[in-house]
Structures are given as C-alpha cells and as structure tokens.
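Before any comments, here is the structure.
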Amino acid sequence: MDYQKILDTIYEEMSYRDVKGKVASYIPELAKVDRRKFGMHVYCGDQQHFCFGDSDEKFSIQSISKVFTLAMAMRIMGEHLWDRVSVEPSGDPFNSLTQLEYEHGIPRNPFINAGALVISDILVDQLDDPKKELLEFVRKITGDNSIDYDESVAKSEKATGYRNIALVNYIKALGNIKCDVEPIVDFYFYQCSLAMSCQQLSKAFMIFANRGKILDSGEKILKPKTVKRINALMQTCGFYDEAGEFSFQVGLPGKSGVGGGIVAIHPANYSVAVWSPILNEKGNSELGMKALERFTTLTGVSVF
Ligand code: GLU
C-alpha cells in the first residue's frame, strides 16, 4: 500500500477553507490555536511512517488522553474496573450530568467525562504520583521524552472547569468516588493538557494496533484482552455522541479530543492520527473526520 501517495492525495484535496466549524473556545487557551493547522501521520507495524502538513506540531490532546488513563486503570484493576464504569455508548454530550442520577453514579463509559473522572479517582487513589506515572507511560510507549503537560492549558481548564468539578461532587454524593475532589480534577485537567503531535500520537496508539506491544521495543505493556476491550470502547464510544457516524463514515476504532485531534487504529496493521482544530457541532474535528473517511476509502481497508 502506498500510504504516502494516499496522504498526499488527501492533503491536496482538503483545506481548512472547506469546513465551517469553530475552534473550541470553552477552554480559553484552546481558542488561541490557529484554525489553519492541518496534519496527519500514519505508523505501520514495520515502523514505516508517513505524514503531511503540521504532523510534527504539538497540540492539546484533550480527551484522547482518556485512552491512556483507561489503559493504566485496567492494568491496575483488571475486570473489577467494570464495577465502577459501564461500557455502553451514552448518546449524550461528553460533559452531561443527566444519566448519573438514575444510573446511581455509574458512568456509561470511560470516555465521557463522568467515566474519565472515575478513572482519575482510581489512579489518584492507587498511584503515588499519577501525573508523573501518566507522563512516564506515554513517554515509554512513544520512546519520546519530550512529551509533557501544557501548564497554561491545564490552568485555563481549571479556571473554567465548573461542570467537571460538579461531576466529581455529584458522583461522590452517589458513592462512586473515593478520593477528595481537588486532586481528582487536578489530575484530570493535567491529563487533558498533554501536548502531543500527530507523529507522537500515532506512534503511541500502535500499542492498540499491536495487541499491547510497544512499537520500538516490542515489549508487551498491555494484555491482548485489555487491548480488545479498549478498541471495542473506542469503536462504540470514542466520538462523543457521534460514534455511530464515525463508524459509518470511517470504520475504525478511534478517539477524538476537543483540541481537534483524532487517532484511529486498524488492528495488526496501522495507527493514524490527524489534527485540524476546527470542530463540528458534536465536538469532533471536521476536517479530521473527512480526512479519515478519505483514508479508509482510498486504502479500501477498514475493520468492516
Ligand atoms: N478537558 C475537556 C473537558 O473535560 C475534555 C474535552 C474533550 O476533549 O472531550 O471539558
């Protein structure tokens, strides 16, 4: 497969001028990002990789970080994790509080904010220094020690994070949060502020394409069963309340974030990351989704 030719075609065909959405602004720091940015990177199992545009520029990965924290929590809790978080699509916006009341504080899945905050609670409870360990995890799977948090994004999110703080308080009142509220939201705001490029994200996500093995070293960091569960959740819950549309258009498991990044994988084959900060109404990168639709159309390969 000539991936570079396919990426060049996508880059020629598409422009930020063709999409009408807006850059996220509810976290003030994110509103400063240049809407013209556009990059894409593909990693294959044989370590070959291909790219275009701003694929080496770091951006705020936001909710994509929820896949890393889920992987860490599954390593600690195994199948007991599912007593605390469910595995169904929510069909509601990512920051919604409504389902929690009648579902007794058990979030629908680990990728909506409610679920990710329960995962934060687990990591804050179980790890001495969760911020450090998350950074170590991401640096290890990419072999890249330049990856770090973006303090200004974390602070900006903290200053405006009323819904997330409300979610933790609410879940705590319903009995599914163990630790104090402050360290949980602090960790959550930092995980969302992780700054990574498409190159780094696509490399990191090779662990999910590669049955839990780190691309460079071949070291097995996750069990195949864990990877199977995470990929299933990405397929059904990875795109806010647009997971059905993403499956329909693109046909790969993946995860998006409001920074405009999307990462998707094809098991045993490749990992692909795309970044364009212009979001559609559901909060997914508009150009990113279109680019991935073209990618699976031009390669003729998807999980379906
Ligand atoms: N930090 C964001 C929030 O909790 C994550 C948003 C996202 O990318 O879905 O509002």
Side-chain angles (χ1 to χ4, degrees), residues 21-33 58-70 85 89-97 100 107-121 123-124 130-131 134 138 149-171 177 181-196 198 201 205 233-234 236-243 245-246 254-264 273-286 288-289:
K22 293 196 177 79
V23 173
S25 59
Y26 75 103
I27 301 170
E29 245 346 87
L30 294 184
K32 297 180 182 167
V33 175
K58 291 182 184 175
F59 57 93
S60 188
I61 73 164
Q62 291 292 318
S63 272
I64 296 171
S65 64
K66 292 170 181 170
V67 188
F68 299 137
T69 51
L70 173 63
V85 190
S90 78
D92 268 343
F94 68 99
N95 54 8
S96 172
L97 284 96
L100 287 168
R108 274 286 173 101
N109 67 68
F111 295 150
I112 52 171
N113 284 15
L117 288 160
V118 169
I119 302 284
S120 296
D121 179 50
L123 296 181
V124 168
K131 279 188 213 168
L134 171 59
V138 178
Y149 300 113
D150 182 329
E151 294 278 343
S152 53
V153 171
K155 289 202 173 85
S156 183
E157 188 153 356
K158 200 167 209 170
T160 53
Y162 304 110
R163 285 190 82 93
N164 287 319
I165 295 162
L167 275 166
V168 183
N169 276 294
Y170 197 26
I171 304 169
I177 288 281
V181 175
E182 214 290 316
I184 298 169
V185 289
D186 179 66
F187 176 61
Y188 176 76
F189 295 143
Y190 269 86
Q191 76 168 69
C192 290
S193 85
L194 265 177
M196 291 174 73
C198 289
L201 274 173
F205 268 60
L233 284 164
M234 286 202 277
T236 51
C237 313
F239 293 87
Y240 310 119
D241 47 341
E242 205 177 24
E245 185 69 18
F246 188 85
K255 183 74 197 85
S256 60
V258 294
I262 301 178
V263 200
V274 59
W275 174 48
S276 158
I278 306 165
L279 306 182
N280 66 17
E281 279 178 357
K282 297 283 172 74
N284 291 310
S285 172
E286 212 176 323
M289 264 177 85

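Counting convention: from 1, in listed order, for ligands and their atoms alike. Fair warning: this is a prediction, and the values are worked out from it, not measured in the lab.
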Only heavy atoms of [X], strictly under 4.0 Å: list the atoms of ligand 1 that pass.
| X | result |
| --- | --- |
| N164 | 3 (C), 4 (O), 10 (O) |
| Y26 | 2 (C), 3 (C), 5 (C), 6 (C), 10 (O) |
| Y240 | 7 (C), 8 (O), 9 (O) |
| N113 | 3 (C), 4 (O), 10 (O) |
| G257 | 8 (O) |

So that I can tick it off, tell me whether E151 and K158 are bridged by a salt bridge, with the cut-off set at under 4.0 angstrom between side-chain N and carboxylate O. no

Give yes or no for whether the N/O distance cutoff of 3.5 Å, strictly under, is met between S63 and ligand 1. yes

Contact check: V258 vs ligand 1, nitrogen or oxygen atoms, below 3.5 angstrom: yes

Measuring from non-hydrogen atoms of F189 to any atom of ligand 1, is the shortest distance under 4.0 Å? no

Sub-6.0 Å ring centroid separation between F94 and F239: no

For atom 4 (O) of ligand 1, what is the closest protein heavy atom, and at what distance to 0.1 Å? Y188 OH, 2.6 Å

Minimum-distance pair of heavy atoms, taken over all atoms of S60 and C192: OG-O, 3.4 Å

Roughly how far, to the nearest 0.5 Å, is [atom2] of [Y] from [atom1] of [X]?
| X | Y | atom1 | atom2 | value |
| --- | --- | --- | --- | --- |
| I184 | D121 | CD1 | CG | 4.0 Å |
| T236 | N109 | OG1 | CG | 7.0 Å |
| Y26 | T160 | OH | OG1 | 8.0 Å |

Less than 3.5 Å apart, any donor N or O on the side chain of E245 or N284 sitting next to an acceptor on the other? no

Heavy-atom distance to atom 3 (C) of ligand 1: which of Q62, K66, E157 wins? E157

